[in-house]
Amino acid sequence: MSSDLDVGITLAALAPFFAAALAPFIHRFTKSYAGWILAVIPASIFIYLLSFVEQMSRREFVSAGFEWIPSYGIRLSFYLDGLSVTFALLISGIGTFIILYSAAYLSGHKHLGRFLSFMLLFMGSMLGLVLSDNLISLFVFWELTSITSFLLIGFDHVRQASRRAAIQALVITGGGGLALLAGILLLHQITNQWDISEIFVWGSTIKEMDIYPLVLGLFLLGAFTKSAQFPFHFWLPNAMEAPTPVSAYLHSATMVKAGIYLLMRMNPVLGGTTEWNIILPIVGGFTLLWGAAMAMKQTDLKQMLAQTTVASLGLLVLLIGVGTDAALSAAVLYLLAHAFYKGALFMVAGGVDHATGTRDITQLGGLWKVMPVTFVAVLIGVAGMAGVPATVAFLAKEEMYAVLEVSSVSDLFENWQNTLVVFVMLLGNAMMMAVGLTILVKAFLGKLKTTPHKAHEGSLSLWIGALVLGVFAIWAGTQIKYLGSIIVGPVASSVANFQISPKLHLDFEMLTTLPFFISTLTWVVGFVIYLAIEDIRAIMLRTSKAIGWTFDILFDWLMFGLIKLSAAVTRFWHHGRWELYLIVVFVGVALAMALPMIGNFNMPQMPGLQALSFFEWGIFGMAVVGLSAVVLAKTRLIAIVSLGIQGFAVALIFMLFGAPDLGFTQFMVETLSVVILALVMTRLHLEQRDARVPWEVARDAALSLTVGISVTVLMISVLQNPIDLRLSEFFALTSVPIAHGHNIVNVILVDYRGLDTLGEISVVLATGIAILALIRIRGGGPQTGVGAPKGVKKPKRARKATPAKSKRKTTRKSTKSAQKKPAGQST
Amino acid sequence: MSEMLMAPFIGVFFATAVYLILSKSVIRMLLGITILGNGVNLLIFIMGRVTRDIPPIVPAGLKQPIGDIANPLPQALILTAIVIGFALFTFLLVLGYRAYQELDADNTDNMRLAEPPNPPQPPLSY
């Protein structure tokens with residue numbers, strides 16, 4: 001069944017997991033070389049996947065996989081087309097440099113092995129997510145990325161901010177994952193298929209169904225939480241608590257793109273409807289503006305980059321929502337561009353932090369002199385952010401603005417939606433460009449400032465990734481025809497599910513087109529914003545201070561509310577009142593016995609009173625007298641003696657009805673119980689009276705009567721049915737021939753159910769040991785707390801000191817006799 | 001069918017036991033548990049149907065019992081139950097005794113060490 005292809009692709013998707021298992025050991029033995037060794041894994045995956053690109057560019061696809069849960073029709077299946085291979089290439093390609101970078105960034109950290117392991121785990125999950133064909137495995141990998149993201153954000157777990165950010169990310173993305181699961185299950189209900197490639201053909205059917213809005217809503221919830229769309233965006237900036245490699249990889253290049261991937265993947269099934277074309281642009285557009293505006297407020301390098309990442313994700317959602325050929329091509333190009341320049345910029349930010357000890361741009365300046373290579377990388381990165389020609393981002397922007405399909409001015413008003421979309425994109429891009437310029441100018445140009453560490457160029461591993469990504473961004477920006485045919489076209493076609501040939505070209509003719517005009521406008525606006533950014537920041541800081549309310553505060557309020565609610569629920573059920581627990585139990589018992597009887601109980605013809613002889617009535621009467629005396633006894637001693645009465649009555653009943661063994665045992669046990677109880681009780685200073693107040697007595701009496709009646713009714717209805725005596729007859733017939741014993745009861749105990757009896761003896765033995773321990777261990781009990789009344793405690797303990805000592809002997813005796821009993825009885 | 005007449009007696013055992021267990025006094029609860037044990041044993045005994053006088057013993061020299069004998073199976077079960085019940089009884093007794101020594105209380109209202117009346121709030125932080 002399994003071909004080389006199945007094995008190869010599955011291995012490619014799962015190899016990072018194996019590497020993750022080995023990472024801590026590799027780190028232990030090779031120390032600083034661990035990064036170079038482990039980077040081989042993603043690099044090999046990258047090269048392996050490259051071999052599919054040619055095939056993908058012909059719009060072919062490859063399916064592979066193994067049976068996973070055949071009984072539910074769930075396969076561990078993978079689907080390679082333009083979209084998934086491109087994502088996988090990004091993940092493994094950037095992942096290679098990130099592993100190198102991590103090892104350098106955290107070199108000497110004692111948990112570097114663990115960190116690399118988490119990173120590889122994440123890489124495997126992300127690869128699995130984009131390559132999965134099966135929706136269930138897609139969901140599993142989806143949640144795995146949330147979990148590994150949690151582990152990585154909380155990597156520095158001694159800091160509270162890290163823990164909070166980790167929990168926040170997990171709650172939000174995990175919650176979205178649950179919505180996604182519901183959506184997946186609904187989709188399966190409709191189509192009876194688990195594989196996305198099979199569901200594609202259902203697209204038009206699903207879009208017409210009444211349930212479509214619900215399915216769409218659930219999928220969007222999953223995608224929006226993962227890709228940090230407003231109002232779920234706030235976890236992403238907080239996730240910057242993670243070490244920088246994590247921010248560069250998970251929270252910029254890959255994981256946050258999972259939502260984008262899902263939208264692109266599901267576009268043929270769910271996309272193109274009115275809802276899709278309205279919700280996505282609105283949410284995406286708002287997120288774009290919000291993120292870009294918030295980025296201007298920041299002075300921390302990573303925060304600036306994180307907020308612009310939110311904005312970029314919004315832009316991608318916006319483009320997918322618009323959904324025209326140009327928009328989809330632009331989305332693919334922008335996805336690539338963003339992965340290149342944002343990943344690079346994050347690595348640069350980490351490198352700057354590593355070299356100077358600060359990430360605050362107000363404390364940085366003139367770094368180009370001391371960090372020339374990093375400066376080149378950041379130059380390319382910011383060029384990408386600004387969409388300068390010759391970068392792939394420039395082309396992305398040209399495609400974006402091509403959304404505006406106008407031939408005359410009146411079209412601008414006719415297609416006002418498109419005009420609005422382009423305006424929003426223009427504004428967002430301009431703000432992002434201003435932020436990029438700020439980073440470049442403030443941190444790298446001007447005079448060199450004194451920083452916590454003396455600034456110096458980092459090691460090769462720290463800047464190689466950023467530089468390679470930058471070079472690649474320029475290469476891709478110039479080889480546009482080739483890029484269009486092997487990547488952009490196939491991916492956009494996968495998203496749209498029909499052939500899209502992007503009209504990508506790079507020549508002087510385009511300088512006269514409308515998109516280029518808008519691009520120029522973007523640069524102008526961006527530069528103006530850059531000039532005013534100090535003032536804008538001041539205004540925004542003042543405004544947010546005046547509002548004094550953030551999504552974080554709302555989140556904390558919700559989480560703490562949840563904690564308080566669970567505490568309240570726990571307190572309601574675990575109120576600590578023992579008798580109330582027991583009442584719940586016995587009400588349950590009574591209901592369980594009585595409810596099935598209702599309507600099913602037939603009172604049988606009761607036998608006449610003469611069915612029991614005079615003596616038998618007498619003995620049962622004696623038992624009842626004993627029982628009543630236990631309840632009504634005024635003193636403890638009377639109660640204990642009465643307990644003996646009912647016990648002896650039970651023994652007599654056993655004797656009368658052919659069970660002498662039981663009778664003897666019962667006599668012995670009752671005698672011992674009464675004696676021990678009397679001995680112990682007289683040493684305690686207990687209240688004589690029942691502590692219950694009258695209404696409690698009434699309540700308990702009513703409940704116990706109900707239980708008693710229920711038992712009676714249950715017994716009577718059972719007794720009407722014939723009894724199955726086969727087992728008893730078997731024992732009676734085989735007792736002598738097989739087991740060579742004449743006393744059938746004893747044969748059952750020591751022979752047929754010998755192991756049971758062994759268990760019984762063990763229980764008694766364990767009890768003996770436990771009692772011994774209870775008696776021996778003393779003084780270590782709790783000295784504080786509600787149960788130990790203060791003040792009264794000391795004198796009482798002193799008074800009891802002597803009796804307690806002699807007490808020990810008594811109870812030990814009881815232990816001994818308890819241990820002896822079964823041995824004497826069973827034989 | 002004399003079992004039918006015995007059923008209400010078992011009901012009395014159960015009712016008494018439950019009433020005692022519901023009291024807040026540890027010692028009364030102990031008495032209740034002993035009675036409950038007896039009630040359950042009798043219940044099993046009667047449910048196995050009762051036969052007067054003839055114990056389940058094969059007469060010497062014979063391979064099989066003659067005529068009706070008492071049902072041996074419930075007897076075997078009860079024999080085990082009595083012994084374990086006694087073990088439980090002694091253990092609970094010592095436990096109650098030690099609880100009295102440590103907490104100075106026979107009333108469960110005063111035994112609130114594990115679940116105090118005003119439990120501390122869970123920490124509201126991350």
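To find a chain, count down the sequence lines: A is the first, B the second, and so on, and within it residues start at 1.
- Of the listed residues (A/L725, A/V747, A/N743), the greatest number of heavy-atom pairs within a distance under 4.5 Å of chain B belongs to A/N743.
- Heavy atoms of A/L643 lying under 4.5 Å from chain B belong exclusively to its side chain.
- With respect to chain B, the highest number of heavy-atom pairs below 4.5 Å among A/V713, A/V763, A/D556, A/I583 belongs to A/D556.
- Side-chain atoms of B/R49 do not come within 3.5 Å of backbone N or O of B/N71 as any donor-acceptor pair.
- If you measure heavy-atom distances from A/F586 to chain B, the contacts under 4.5 Å come from the side chain alone.
- Both tests hold for A/R692 against B/Y19: distance to the six-membered ring centre under 6.0 Å, angle to the ring axis within 45°.
- Contact tally against chain B (heavy-atom pairs below 4.5 Å) for A/L677, A/V585, A/V707: the top residue is A/L677.
- Contact of the B/I66 side chain with the B/P59 side chain is registered, since non-hydrogen atoms from C-beta on lie closer than 4.5 Å.
- Only the side chain of B/L30 has a heavy atom closer than 4.5 Å to any heavy atom of chain A.
- Contact detail for B/L20 and B/S23: the closest heavy-atom pair is O-OG, 2.9 Å.
- Among the candidates B/P55, B/P56, B/G39, the residue making the largest number of heavy-atom pairs closer than 4.5 Å to chain A is B/P56.
- In this structure, chain A has a heavy atom under 4.5 Å from the side chain of B/F45, while its backbone stays farther away.
- In this structure, chain B has no heavy atom under 4.5 Å from any part of A/E729.
- The main-chain N or O of B/V58 is found under 3.5 Å from a side-chain atom of A/H742 such that the two form a donor-acceptor pair.
- Contact of the B/L22 side chain with the A/L703 side chain is registered, since non-hydrogen atoms from C-beta on lie closer than 4.5 Å.
- Put simply, the side chain of B/P74 does not reach to within 4.5 Å of the side chain of B/M47, judged on heavy atoms.
- Remark: the backbone N or O of A/L774 is paired with a side-chain donor or acceptor of B/R98 at under 3.5 angstrom.
- Interface summary for chain A: among B/T34, B/L43, B/I69, the most heavy-atom pairs under 4.5 angstrom belong to B/L43.
- With a 4.5 angstrom heavy-atom cutoff, A/L627 touches chain B via backbone and side-chain atoms both.
- Of the atoms belonging to A/Y581, it is side-chain heavy atoms, and not backbone ones, that fall under 4.5 Å from chain B.
- Between chain A and the options B/T51, B/V26, B/V12, heavy-atom pairs under 4.5 Å are most frequent for B/T51.
- At least one donor-acceptor pair under 3.5 Å links the side chain of A/T757 to the backbone N or O of A/L749.
- For the options B/I84, B/N38, B/N41, heavy-atom pairs under 4.5 Å to chain A are most numerous at B/N38.
- Looking at A/Q168, neither its backbone nor its side chain comes within 4.5 Å of chain B, counting heavy atoms on both sides.
- Taking 4.0 Å as the cut-off between side-chain N and carboxylate O, B/K24 and A/E696 count as a salt-bridged pair.
- If you measure heavy-atom distances from A/F560 to chain B, the contacts under 4.5 Å come from both the backbone and the side chain.
- Side-chain contact, A/Q160 with A/R163: no donor N or O sits under 3.5 Å from an acceptor N or O.
- Only the side chain of A/R571 comes within less than 4.5 Å of a heavy atom of chain B; its backbone N, CA, C and O stay farther away.
- Side-chain polar atoms of B/Q75 and A/D661 form no donor-acceptor pair below 3.5 angstrom.
- Contact annotation for A/R753: only side-chain heavy atoms (C-beta onward) come within less than 4.5 Å of a heavy atom of chain B.
- When A/G658, A/S628, A/G626, A/G708 are compared by the number of non-hydrogen pairs under 4.5 Å with chain B, A/G658 comes out ahead.
- The shortest side-chain heavy-atom distance between A/V650 and A/F654 falls under the 4.5 Å cut-off.
- A heavy-atom distance below 4.5 Å is found between the side chains of A/I653 and A/F620.
- Note: B/A76 leads B/A76, B/G96, B/P123, B/A17 in heavy-atom pairs under 4.5 Å with chain A.
- Contact annotation for B/I54: only backbone heavy atoms (N, CA, C, O) come within less than 4.5 Å of a heavy atom of chain A.
- The greatest number of non-hydrogen atom pairs below 4.5 Å with chain B, out of A/M715, A/M559, A/H575, A/K564, is found for A/M715.
- For chain A, the option among B/L77, B/N118, B/I35 with the highest count of heavy-atom pairs below 4.5 Å is B/I35.
- For A/I716, the parts lying near chain B are the backbone and the side chain together; criterion is any non-hydrogen pair under 4.5 Å.
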